[in-house]
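Structure, as C-alpha cells:
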Amino acid sequence: MLADCKNYDFKAIESFWQKKWLEEKVFHVENEDAKEKYYVLDMFPYPSGTGLHIGHPEGYTASDILTRYKWANGFNVLHPMGWDAFGLPAEQHAIGTGQHPSINTAKNIDRFREQIQSFGFAIDWDREVDTTSPEYFRWTQWIFLQLFKHGLAYIDDKPVWWCPELRSVLANEEVINGRSERGNFPVERKNLRQWVLRITQYADRLLAGLEDIDWPDSTKRQQIAWIGRSEGTELDFEIAPNGPKIRVYTTRPDTICGVTFLVLAPEHGLVEKITTVENREKVQGYINNAKKKSDLERTDLAKEKSGVFTGGFAKNPLNDTLIPIWVADYVLVSYGTGAIMAVPAHDDRDFEFAQKFDIPIKQVITDPKNESPLPFCGEGVLINSGEFDDLATEEARKKITQKVEQLGFGYGAVKYKLRDWLFSRQRYWGEPIPILWIERSNYDRALAENNAYFRDNIPTSVVSYRKNDIEWCAIPILEKQLPLKLPETETYLPSDDGESPLVHAKQWLNVFVNLSTGEIGTEAQEGFVSAIRETNTMPQWAGSCWYYLRYMSPNCGSALVDPAAEAYWKSPDFYIGGAEHAVLHLLYARFWHLFLYDIKAISIEKEPFRKLFHQGIILGSDGNKMSKSRGNVVNPDEVIRQYGADSLRLYEMFLGPLDAMKPWNTRGIEGVYRFLKKVWVLCIDHEGKVKKFLERDSAEIESLLHETIKKVTNDIESLQFNTAISQMMIFINGAQKVGISHRTAVIFLQLLAPFAPHIAEELWGRLGEKFPVAKAQWPTYDASRFATNQMKIVLQVNGKVRGEILVDNKAAQEIVEKIAWQQHRFVEFISGKEIVKKIYIPGKIFNVVVH
RNA sequence: GCUCGGGUGGUGGAAUGGUAGACACGCCAGACUUAGGAUCUGGUGCCCCAAAGCAUGAGGGUUCGAGUCCCUCCUCGAGCACCA
C-alpha cells in the first residue's frame with residue numbers, strides 16, 4: 001500500500017508513512033542484536049506550553065539523518081526521545097490556574113510528541129521517558145540517596161544566590177552576571193539552609209576526563225575554565241613573632257621578593273585582630289560598606305580599586321622585610337585563603353592598587369627579550385631576589401616552594417574555582433528530596449543501637465542543621481519506599497522567605513519513623529520517633545543527569561539501568577544539543593555518571609558522552625534572535641503545512657554548516673521544495689504512474705551518480721549536510737537534462753532518504769523496492785566509475801590562469817606541455833619572455849614562470 | 001581587559017596552498033500559457049562592446065601560485081571576567 005496521489009502531495013505522503021513507521025514499529029530496537037549497536041542521543045526537550053520552535057528540528061533532523069544512515073549501514077540504532085518535564089513554567093502555570101502542574105505537563109507532552117512525530121523522525125517510541133513520572137524519578141531519588149550515603153550530599157548554611165522574583169535559590173552555574181539564567185531576574189546573597197552536592201571532590205577527574213572525549217573545543221574550554229584548576233603555593237606571613245600568621249595563596253611564588261603589601265578580603269577572620277586602634281574606625285567603615293554592596297556592584301565597580309590600610313605589618317618569610325597589610329574587596333574571601341601577597345611589579349591588579357595608594361613597586365623579574373613596562377606578568381629571569389637571582393621564573397617557582405616547605409612556612413597547593421553544587425530548590429514541581437529530619441538525641445540513640453538500617457544508609461559523618469536550638473539530623477527514606485511522590489498542597493507558591501510550598505502539606509510533612517526498620521507511619525506508636533520531611537525539591541538538572549541511561553531499559557524495575565542493556569548500548573555514540581548547556585547539564589551529568597560508575601550502579605563507560613556536537617542557533621530572517629516581541633518567529637507547524645516536513649528538514653540542513661548561527665529565510669525554503677518536486681517528476685508522470693526510465697545511463701550520469709554517492713556518504717559522516725544536499729541538487733539537475741535508468745533512480749532515492757524520508761520512501765515503494773528504505777543496504781561507490789578518461793589541466797603564466805586543456809588521463813608531462821604550447825592565448829603571454837621555471841601538478845595545473 | 005572562533009556577490013553559503021563564488025534564494029531575459037506567484041531555458045562579483053584589469057575586512061610577508069600559511073591592525077560573535 002502506498003500513498004494515493006498523482007502529484008507531489010506531501011500531506012498525503014507524509015501522514016501515510018508516519019503512520020506506517022509508527023504502527024509497524026520500524027525503528028523499535030531490542031537490547032541485543034547480532035548487529036553492531038549505534039546510539040544516537042538528542043538533548044531531550046522541555047515540553048513548554050508554546051510548543052516546538054524552529055530550533056528543535058535542527059538538531060533532531062541532524063540526529064535523524066545519522067540514525068537512518070546508520071540503519072542503512074547495518075547498525076542496530078537506538079534513537080529515543082523523552083521529556084525533561086519538571087521545571088518553572090509548568091509551576092507558574094499551576095500557580096496561575098490552581099491546577100496541578102502534572103495536568104498541564106501531560107498536555108504539553110502530548111503536543112510535543114505529536115509535533116515531533118510530524119517530522120517523521122526514526123525514533124523508538126517504546127522507550128519514551130518522562131522525568132516527572134514516578135517510575136522515572138524514583139531512580140533520580142535513588143541516586144540522591146546514594147549520594148547522601150556516600151557523604152556527597154550535605155547541608156550548608158552559607159550565603160547562597162537567592163532570586164526574589166523566582167522565590168528560589170540558584171546554583172552558581174545558574175547565575176550569569178548577577179542575574180538568573182532563567183528569566184534574567186536580579187539575584188542577591190542570602191543565608192539559607194541548603195542541600196549541596198560535593199562535585200568539587202570530582203574536580204580533578206572531571207578535568208582529566210575531558211582529554212579523551214570528542215567534544216567541541218569551546219565547550220571543553222568552558223568546562224576547564226569553570227573547574228578552574230590552578231597550581232601554586234600556600235605560605236604564611238607572620239604578623240608578630242610567634243603570633244598569628246596570614247596564610248596567602250599564590251601561583252607566583254617566584255615573585256615573593258617583590259611583595260610590597262598584603263591584602264585581606266573584607267570578610268577575612270584576621271582583619272579585626274590586625275587592625276590598629278587608630279585605623280579601626282576607617283577599616284570598620286570600609287567593611288560595612290563592602291557588606292552593603294551586592295556582589296553585582298562589587299564586580300561592576302571592578303574598574304576602580306578601593307581599600308584601606310589596617311595599620312598592621314607582616315614579615316616576608318623569605319627576606320624578613322616588613323610589609324603593610326591592607327583590606328580591599330578586590331580580594332575574594334571565597335577563593336584561595338581569602339588573602340594575597342601583592343606584587344605590584346608583576347600583577348595588573350596589584351599594580352593598579354599600588355599606584356592608587358602610592359605603595360612601593362619592586363621589580364624582581366626581568367623580561368629577557370626586551371624591556372617591557374611594568375607591570376610585567378610574563379615569564380622571565382629573577383633579579384633582586386637574593387640567592388634566587390638569575391633563575392628562570394619556572395625554575396624559581398619550584399626552588400622557592402621547596403625552600404618554603406623546608407622552612408615550614410607553607411607548601412605547594414592546588415586550588416579550584418569550582419564550588420559544590422547547590423542542589424535544593426524552593427519549588428513544588430520537582431523531585432522531592434527523599435530525606436527525613438529527626439532530632440539529634442534520637443539519631444544518636446539509633447547510632448548506638450547499631451541496627452542494620454542505620455548502619456547501611458547514613459553517611460559516616462552526620463548531616464544536620466540547627467533551628468531554634470534543636471539539632472535536626474538527616475536520615476534517608478528506604479529504597480522500597482520510593483518513589484516519594486509530591487503531596488497535594490493548597491498553593492504551589494513558595495514563600496518569600498525561602499520556604500518551599502511543600503511546608504503547607506502538613507499531613508505529609510509530619511510523620512513518625514521507626515529507627516530500627518525505617519518504616520514510616522502517620523501516627524505516634526511504640527518504637528517510632530517523630531520526623532519532619534525535607535520540603536525542598538531537586539533542581540531541574542537532576543532528571544537530565546541520567547536520562548540517557550534510562551533509555552537503554554526504560555521499564556527496568558530493579559535498577560536505574562538493566563546491566564545487560566548497559567553492556568550492549570554502553571553510552572551514546574553521538575550526542576547533539578545546544579551549546580547553552582556547556583557548564584550546566586553537561587558538567588552535572590558527567591559528575592553523576594562518574595559517581596554512578598564509582599558505586600558500580602553502572603560499569604561500562606566512565607564518560608557519558610564520548611562524542612558531542614552543538615547545532616547552531618537559527619535566527620530570525622532579520623538576523624536577530626527569534627522572539628515574540630520582534631515578531632520574527634517562524635512556526636514549524638505552519639512551514640510543514642505549506643511545504644511539508646521533508647522540505648522543512650531539508651531546508652534546515654541546507655541553511656549552512658550545522659554548528660553555525662544562521663538566519664532563516666522564508667523564501668529559501670522554495671529552493672528545496674522545488675528540488676523535491678523535481679525528484680518527484682523525475683520518477684512519476686502526470687497520471688501518477690512510474691515513468692519510463694532509460695535502459696542505460698550515459699557515462700556522464702554514471703560518473704555523476706558515483707560522485708554523488710561518495711560526496712553524500714562522506715558529508716554525512718562529517719555532518720556537512722548542507723554540501724551533501726547541494727550535491728544531490730547537482731545530480732537532479734543533471735538527471736533532469738538527460739534522463740536516468742531505473743537502477744540509478746533507486747540508488748539516488750536511498751541517498752535522499754535520510755534527509756527527506758517520506759518522499760524517498762514513497763518513490764522507493766513505487767519503484768518496486770522493499771519497505772523500508774532506511775534498512776536497505778547503503779549504496780557504495782566505485783571510484784573508477786567517475787574517473788572519466790580525460791583530465792582538465794589549467795594553464796597558468798606566473799600563477800595567473802591563461803587557459804585550460806583536456807588531455808588523456810595518463811598523459812605524461814611532455815604530452816601536456818606539447819598540447820599547451822599549441823594554445824594561442826597561453827603562448828601569447830609567454831612569447832618574448834624568458835622562461836624561468838615550469839611547474840606541473842599532475843591532473844591540476846601547468847604553470848610557467850617568466851621574467 | 002583576556003582567551004577562542006568568524007569576516008567571501010544583493011542574500012544564505014561553496015572551495016585537500018592549485019580555475020574564488022559550487023548549490024540555493026533573489027534579480028534580468030526568453031519559452032510554454034487566457035494567466036503565472038506553476039514549469040522549463042539562458043544570464044547574473046566589479047569595471048566593460050571586447051580584451052585586459054580589479055576582486056575573499058585593511059595593510060604587509062612567505063610561495064611559481066594565498067580566501068586558505070605568517071605578522072600588524074580593524075570589526076563581529078562566543079566564553080571568561082578582580083580566581084591572586
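First the proteins, then the strands, lettered A, B, ... as listed; each starts at 1.
- Following rounding to the nearest Å, A:Gln796 (CD) and B:rG18 (P) show an atom-to-atom distance of 11 Å.
- Summarising the geometry, atom CD belonging to A:Glu700 is positioned 12.0 Å from atom CD belonging to A:Glu707; distances are rounded to the nearest 0.5 Å.
- Ring pair A:His585/A:His581 is perpendicular by interplanar angle, where above 60° counts as perpendicular and below 30° as parallel.
- The side chain of A:Tyr330 lies closest to B:rC82 when the candidates are B:rC82, B:rC23, B:rA14.
- Ranking B:rA84, B:rG18, B:rG42 by closeness to the A:Asn847 side chain, first place goes to B:rG18.
- Distance, A:Leu619 CG to B:rG13 C1': 15 Å, rounded to whole Å.
- For the OP1/OP2 pair of B:rC54 and a distance below 4.0 Å, the side-chain nitrogens and oxygens of A:Lys800 include at least one atom meeting the criterion.
- Protein atom CG of A:Asp348 is 13 Å distant from nucleotide atom C1' of B:rA81, rounded to whole Å.
- Under the 30°/60° scheme for interplanar angles, the aromatic rings of A:Phe826 and A:Phe846 are found to be tilted.
- At the heavy-atom level, A:Thr250 lies under 4.0 Å from the strands shown only through sugar-phosphate atoms.
- Residues A:Gly656 and A:Thr251 each lie close to RNA chain B; by heavy-atom proximity, the contact nearer the 5' end of the strand is made by A:Gly656.
- Residue A:Asn722 places none of its side-chain N or O atoms closer than 4.0 Å to OP1 or OP2 of B:rG12.
- Note that CH2 of A:Trp161 and CG of A:Leu170 are 9.5 Å apart. Values are rounded to the nearest 0.5 Å.
- Across the P atoms, B:rC32 and B:rA52 are found 37 Å apart, a figure rounded to whole Å.
- Comparing the C1' positions of B:rA14 and B:rA20 gives a spacing of 9 Å, expressed to the nearest Å.
- B:rC82 sits 36 Å from B:rG12 when the P atoms are compared, rounded to a whole Å.
- Taking atom CZ of residue A:Arg674 and atom P of nucleotide B:rU41, one finds them 12 Å apart after rounding to whole Å.
- Residue contacts shown for A:Lys678 are limited to sugar-phosphate atoms, with no base heavy atom under 4.0 Å away.
- The side chain of A:Arg802 lies closest to B:rG53 when the candidates are B:rC40, B:rA84, B:rG53.
- Rounded to the nearest 0.5 angstrom, A:Thr401 OG1 and A:Glu234 CD are separated by 11.5 Å.
- For A:Arg667 and B:rG37, the shortest distance from a side-chain N or O to OP1 or OP2 is not below 4.0 Å.
- Across all strands, A:Glu804 comes closer than 4.0 Å to base atoms (heavy-atom distances).
- Secondary structure note: stems in RNA chain B built from 3 or more consecutive Watson-Crick or G-U wobble pairs under 3.5 Å occupy B:1-7 with B:74-80, B:10-12 with B:23-25, B:26-31 with B:39-44, B:57-61 with B:69-73.
- One atom, CD1 of A:Ile845, and another, P of B:rU16, lie 16 Å apart when rounded to the nearest Å.
- In this structure, B:rG9 is classed as syn because its glycosidic torsion stays within 90° of zero.
- Note on A:Asp350: nothing from the nucleic acid sits closer than 4.0 angstrom, heavy atoms only.
- The aromatic rings of A:Trp326 and A:Phe357 sit tilted, their planes meeting at an angle between 30° and 60°.
- The residue among A:Gly799 and A:Phe654 whose nearest nucleotide of RNA chain B lies closer to the 5′ end is A:Phe654.
- For the atom pair NZ (A:Lys678) and OH (A:Tyr673), the distance works out to 14.0 Å, reported to the nearest 0.5 Å.
- If you take CG of A:Asp659 and C1' of B:rG13, they are 13 Å apart, rounded to a whole angstrom.
- Nearest to the side chain of A:Met729, among B:rG18, B:rA24, B:rU19, sits B:rA24.
- Nucleotides B:rG57 and B:rG6, compared at atom C1', are 11 Å apart to the nearest Å.
- Between A:Gln222 atom CD and B:rU3 atom C1' there is a gap of 12 Å when expressed in whole angstrom units.
- Within the nucleic acid shown, A:Lys838 has no heavy atom closer than 4.0 Å to any nucleic acid atom.
- Remark: A:Asn733 is in phosphate contact with B:rA24, judged by side-chain N or O atoms under 4.0 Å from OP1 or OP2.
- Centroid-to-centroid, the aromatic rings of A:Phe353 and A:Phe261 come within less than 6.0 Å.
- Taking every side-chain heavy atom of A:Ile340 into account, B:rA84 is the closest of B:rA14, B:rC80, B:rA84.
- Not one N or O on the side chain of A:His706 forms a donor-acceptor pair closer than 3.5 Å with the backbone of A:Tyr781.
- Atom P of B:rA35 sits at a distance of 23 Å from the matching atom of B:rG26, rounded to the whole Å.
- Regarding contacts with the backbone of B:rG12, every side-chain N or O of A:Lys662 stays at 4.0 angstrom or more from both OP1 and OP2.
- Residue contacts for A:Val794: at a heavy-atom cut-off of 4.0 Å it reaches a base atom on one of the strands shown.
- Comparing B:rG18, B:rC25, B:rU41 against the side chain of A:Gln736 picks out B:rU41 as the nearest.
- Here A:Ser230 reaches the OP1 or OP2 of B:rA84: one of its side-chain N or O atoms lies under 4.0 Å away.
- Only the C1' atoms considered, B:rG10 is 9 Å distant from B:rC27, to the nearest whole Å.
- For the pair A:Val414/A:Ser230, no side-chain contact is recorded, criterion being any heavy-atom separation below 4.5 Å from C-beta on.
- With a 4.5 Å cut-off on side-chain heavy atoms, A:Tyr411 and A:Thr233 do not count as touching.
- In this structure, A:Lys677 reaches the sugar-phosphate backbone alone: every heavy-atom distance under 4.0 Å involves primed, P, OP1 or OP2 atoms, never a base.
- Rounded to the nearest Å, the gap between the C1' atom of B:rC48 and that of B:rU3 is 48 Å.
- If you check every strand for non-hydrogen atoms under 4.0 Å, A:Leu655 touches sugar and phosphate atoms only.
- Of the side-chain N and O atoms in A:Tyr335, one or more sit less than 4.0 angstrom from OP1 or OP2 of B:rA84.
- If you check every strand for non-hydrogen atoms under 4.0 Å, A:Ile839 touches a base.
- Straight-line distance from the CD1 atom of A:Ile224 to the P atom of B:rG79: 17 Å, rounded to whole Å.
- Of the candidates B:rG42, B:rA52, B:rU3, B:rG42 carries the atom nearest the A:Lys737 side chain, counting heavy atoms from C-beta on.
- The base of B:rU19 lies outside donor-acceptor range of the side chain of A:Lys844, with no N or O pair under 3.5 Å.
- Between the P atoms of B:rU75 and B:rA84, the separation comes to 30 Å (whole Å).
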